[in-house]
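Written out below as C-alpha cells is the structure these notes cover.
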Number of protein chains: 2
Amino acid sequence: MTSREPQAPRLARLAALIADETRAACLLALLDGRAWTAGELARHAGVAPSTLSEHLGKLVAGGLLAEERQGRHRYVRLADTRTAQLVEDLVAQVSPGARPTPRSLREAGAHSAMARARTCYDHLAGRLGIALTDALTGRGLLRQDTGFALTDAGLGWFAAAGIPLERTGRRPLARACLDWTERRPHLAGVAGAALCRHALETGWCVRIGSERAVKVTAAGERAFLDLLGVEAGSLR
Amino acid sequence: MTSREPQAPRLARLAALIADETRAACLLALLDGRAWTAGELARHAGVAPSTLSEHLGKLVAGGLLAEERQGRHRYVRLADTRTAQLVEDLVAQVSPGARPTPRSLREAGAHSAMARARTCYDHLAGRLGIALTDALTGRGLLRQDTGFALTDAGLGWFAAAGIPLERTGRRPLARACLDWTERRPHLAGVAGAALCRHALETGWCVRIGSERAVKVTAAGERAFLDLLGVEAGSLR
DNA sequence: GGAATTCTTCGGCGCGGACCGAAACGTCCG
DNA sequence: CGGACGTTTCGGTCCGCGCCGAAGAATTCC
C-alpha cells in the first residue's frame, strides 16, 4: 500500500499553522474569546509588527482566525467555537502533570489567578468552572456518569435562573472541556457559554487585566451560593 | 503585557510533531488502532526506512506514540485514546466540505469503502457508525439533545445485548466524535469502543484490507436489524 | 494639509529540519 | 556460522520559513 492518505497534507498544513511558537502564543491569547488587534498581539508575542502581520495572514488563510477590519486596525479572533475547542484540546494534551514552577512573583500571581477562575474561550474554567460543574452534577442537573449531558431538571434550572439556552445549529447543549490546570472536565457547549455570558453580564464575575483570568464578585458569591450551594469565597 | 504564555512553546512543539506530511501520514495510518512496524509505515509513507526511523523517534519522544520492540521489529501504535481523539479532531477540522474527486478507480473504491464503514481508532464510524448512533438515539437509548450521554435504557440495552461496559478511569462512557465524511457526530467513548469490539469479535463486521475500512457481514446485517432496526444491507 | 499611527510588502539573512545513501548493529533462520 | 532482513546512526545536502528593518499604503488626528 504505497497510496498516501489523501488528507495527510491537509493535516500537516493545519498543524504547521500551530507549530510556530509565535502563532501558538497568538492562539493562546485569543482563547479569551475576544478580538485583538495585530499590534497588541505583536507586543504580546514580542516580535516585530511586520512579522506578526505575516502570521495573521497565514492563520486567517488557514481558517483558524476570523478578521474584521476597522479603520487602520485589524481585529482578529478565533474563527469559531470548534477552533477554540481544538486549541483547548491541544493545550490539555501538553498540560504538564507536574505544575511548572513559575519564574517570577508576577508570573506566580498571574498563574494562580488563572487557576482560580478564567474563561476558556466562551465558558468558565479553572477551579470556578470545576466547582460549578461539580455542583450541577451533584444536584442532578448534569449527568456525567453516562456521558456528558444536561438532565431535564438541568434544563429547568437554567430556565428558572433566567439564563436562556439558544438551540443553534449543531453545537451541543452540554459538552465536556478538559481543564489544563485541574485536569478535570468542566461544562462547555451552549450551556457553558450561556452561564459564562450571564455571569459576566450580571456582574457575578469580572475580568482581571487583559487576559483570560476573572474573579468572582460579592454579588457572584451570593448568587453561586443561592443557586448552586457553591462556596466561591476563595475565588474572589 | 510582554509575558509570553508559558505553554506556547509546548503547544508549538506538539503541533510541530504533526506538522510534517510524513508523520501525519503515519498518525492517520495508526488511526486503525493497530500496531504497525517501522518498515510498514516507511513503505506506506513512501520514504526511506532511515528517514522514518527518525520520525518515529520524535513521535515516541513526544508522547504521541507508544512502542514495543519484538525481536528485530519495532511496533508502534497511538499512545492512548486521548491522542487518537486529538488526531481525529484535527482531521475533522480539515475535512473538506466538498468531497475531493479521487484520482483513480482504486482510490475511489477505497474511499467509498471507508465512507461506508470504518473504524475510528477503536469505534465504528462512516455511514455505519452514523446509522447505529441514529438508531440508538431514535430508540431513546442515547441522548443527544442535551449533550451526549447514554440513558438508563441505553445502559440496559448494552447489558441485554451482552456487551460489557467497563467503567475504567476517567474515559467517558459516551462521547461524540465528529465524522469527517458525514460531518455528523457518532458514538465514541467506552460504549463506542465496546460496540466496535463486540462487532468485530462476533463477526458482525470484518476488516477489509490492511487499513481502517470494514464491512458488515450477513450475520451483522441480521444483528443490527434485530437489535436496533438498522437496515445495513447497503453497507455490506 | 501635514503628522502620527497602524498595518503591509519586500529583500535578505540564517537556522532548523526533512531527506537520502552508506555503513553498522542486532535478530532470525537455514 | 553465514546470509538475509529490519532497524538505526551518521554525514551531507537542500529547501522552507521565521525573523528583521526599511519603505510604502491606508487611516485618523490635529
Side-chain angles (χ1 to χ4, degrees), chain A residues 1-2 4-5 8-30 35-62 64-77, chain B residues 1-2 4-5 8-30 34-62 64-77 210:
Chain A
M1 176 75 58
T2 5
R4 201 148 193 158
E5 306 258 0
R10 273 191 288 268
L11 175 56
R13 251 179 302 147
L14 170 62
L17 287 177
I18 314 175
D20 175 81
E21 193 172 323
T22 299
R23 286 195 294 265
C26 291
L27 292 172
L28 289 170
L30 290 166
W36 292 49
T37 68
E40 284 170 342
L41 286 172
R43 277 190 299 278
H44 176 77
V47 297
S50 61
T51 300
L52 204 115
S53 176
E54 293 175 359
H55 285 310
L56 291 188
K58 292 179 186 180
L59 289 170
V60 170
L64 294 184
L65 262 46
E67 72 180 342
E68 222 165 312
R69 310 189 97 112
Q70 279 179 24
R72 56 187 169 185
H73 292 283
R74 178 192 206 178
Y75 285 95
V76 292
R77 57 175 201 283
Chain B
M1 178 74 58
T2 5
R4 201 148 192 160
E5 307 257 358
R10 274 191 287 269
L11 175 57
R13 250 179 304 147
L14 170 62
L17 286 178
I18 314 174
D20 175 80
E21 192 172 325
T22 299
R23 286 195 295 265
C26 292
L27 293 172
L28 289 170
L30 290 165
R34 292 177 290 185
W36 291 50
T37 69
E40 285 170 343
L41 285 172
R43 277 189 300 278
H44 176 76
V47 297
S50 60
T51 301
L52 203 116
S53 177
E54 295 174 359
H55 286 309
L56 290 188
K58 293 179 187 181
L59 289 171
V60 170
L64 294 184
L65 261 46
E67 71 179 342
E68 223 166 311
R69 310 242 174 185
Q70 279 180 24
R72 56 187 170 187
H73 292 283
R74 179 192 205 177
Y75 286 95
V76 291
R77 59 175 200 283
S210 65

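We name chains A, B, ... by the order of the sequence lines, and we start the count at 1 in each one.
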Exercise for the section: Could you tell me whether the phosphate oxygens of C:dA18, OP1 or OP2, come under 4.0 Å of any side-chain nitrogen or oxygen in B:Lys58? Expected result: yes
Practice task
To the nearest Å, give me how far apart CD (A:Glu67) and P (C:dT8) are.
Solution key: 8 Å
Handout entry: Smallest separation among heavy atoms of A:Leu17 and A:Arg23, with atom names
Key = O-NE, 2.7 Å
Distance-only donor-acceptor pairs under 3.5 Å for side chains of residues 64-74 of chain B, two or more places apart:
from	atom 1	to	atom 2	distance (Å)
B:Glu67	OE1	B:Arg69	NH2	3.4
B:Glu67	OE1	B:Arg74	NE	2.6
B:Glu67	OE1	B:Arg74	NH2	3.0
B:Glu68	OE1	B:Arg77	NH1	3.0

Fill in the blank from the handout: Which of C:dT9, D:dT8, D:dC19 is nearest the side chain of B:Arg69? It is D:dT8
Problem - Length of the CG-P vector between A:Leu41 and C:dT8, whole Å - result: 11 Å
Completion exercise
Among C:dA18, C:dT8, D:dT8, the one nearest any side-chain atom of B:Arg74 is D:dT8
Completion exercise
Closest non-hydrogen contact found for A:Ala42 with A:Pro49 is CB-CA, 4.1 Å
Exercise for the section: Calculate the interatomic distance between B:Leu52 atom CG and D:dG6 atom C1'; express it in whole Å. Expected result: 13 Å
Fill in the blank from the handout: 5' to 3', nucleotides 20-25 of chain D under a 4.0 Å protein heavy-atom cut-off (B base, S sugar-phosphate only, - none) gives BBB---
Fill in the blank from the handout: Contacts of A:Ala12 meeting side-chain contact (heavy atoms from CB on, under 4.5 Å) (sequence neighbours excluded), chain-then-number -> B:Glu21, B:Ala24
Exercise for the section: Could you tell me the separation between the CG atom of B:Leu59 and the C1' atom of C:dG17, rounded to a whole number of Å? Expected result: 14 Å
Exercise for the section: Whole angstrom is fine here: how far is it from CD in A:Gln70 over to C1' in C:dT5? Expected result: 16 Å
Problem - Whole angstrom value for the distance that separates C1' of D:dC19 from CD of A:Glu21 - result: 13 Å
Fill in the blank from the handout: From the candidates D:dT7, C:dT6, C:dT8, the one with an atom nearest any side-chain atom of A:His73 is C:dT6
Problem - Any A:Leu52 side-chain heavy atom under 4.5 Å of A:Thr22 side chain - result: yes
Exercise for the section: Take A:Leu41 and A:Leu56 through the test side chain to side chain contact (heavy atoms under 4.5 Å, CB included) and record every step on the way to the result. Expected result: CA-CA 10 Å; A:Leu41 286 172; A:Leu56 291 188; 4.1 Å; yes
Practice task
Mind calculating the distance between CD1 (B:Ile18) and C1' (C:dG17) to the nearest angstrom?
Solution key: 17 Å
Exercise for the section: Examine distances only and state if a side-chain atom of B:Glu54 and a backbone atom of B:Thr51 form a donor-acceptor pair shorter than 3.5 Å. Expected result: no
Handout entry: Side-chain donor/acceptor of A:Arg72 to base of C:dT6, under 3.5 Å
Key = no
Exercise for the section: Using whole Å, report how far CG of B:Leu56 lies from C1' of D:dT9. Expected result: 15 Å
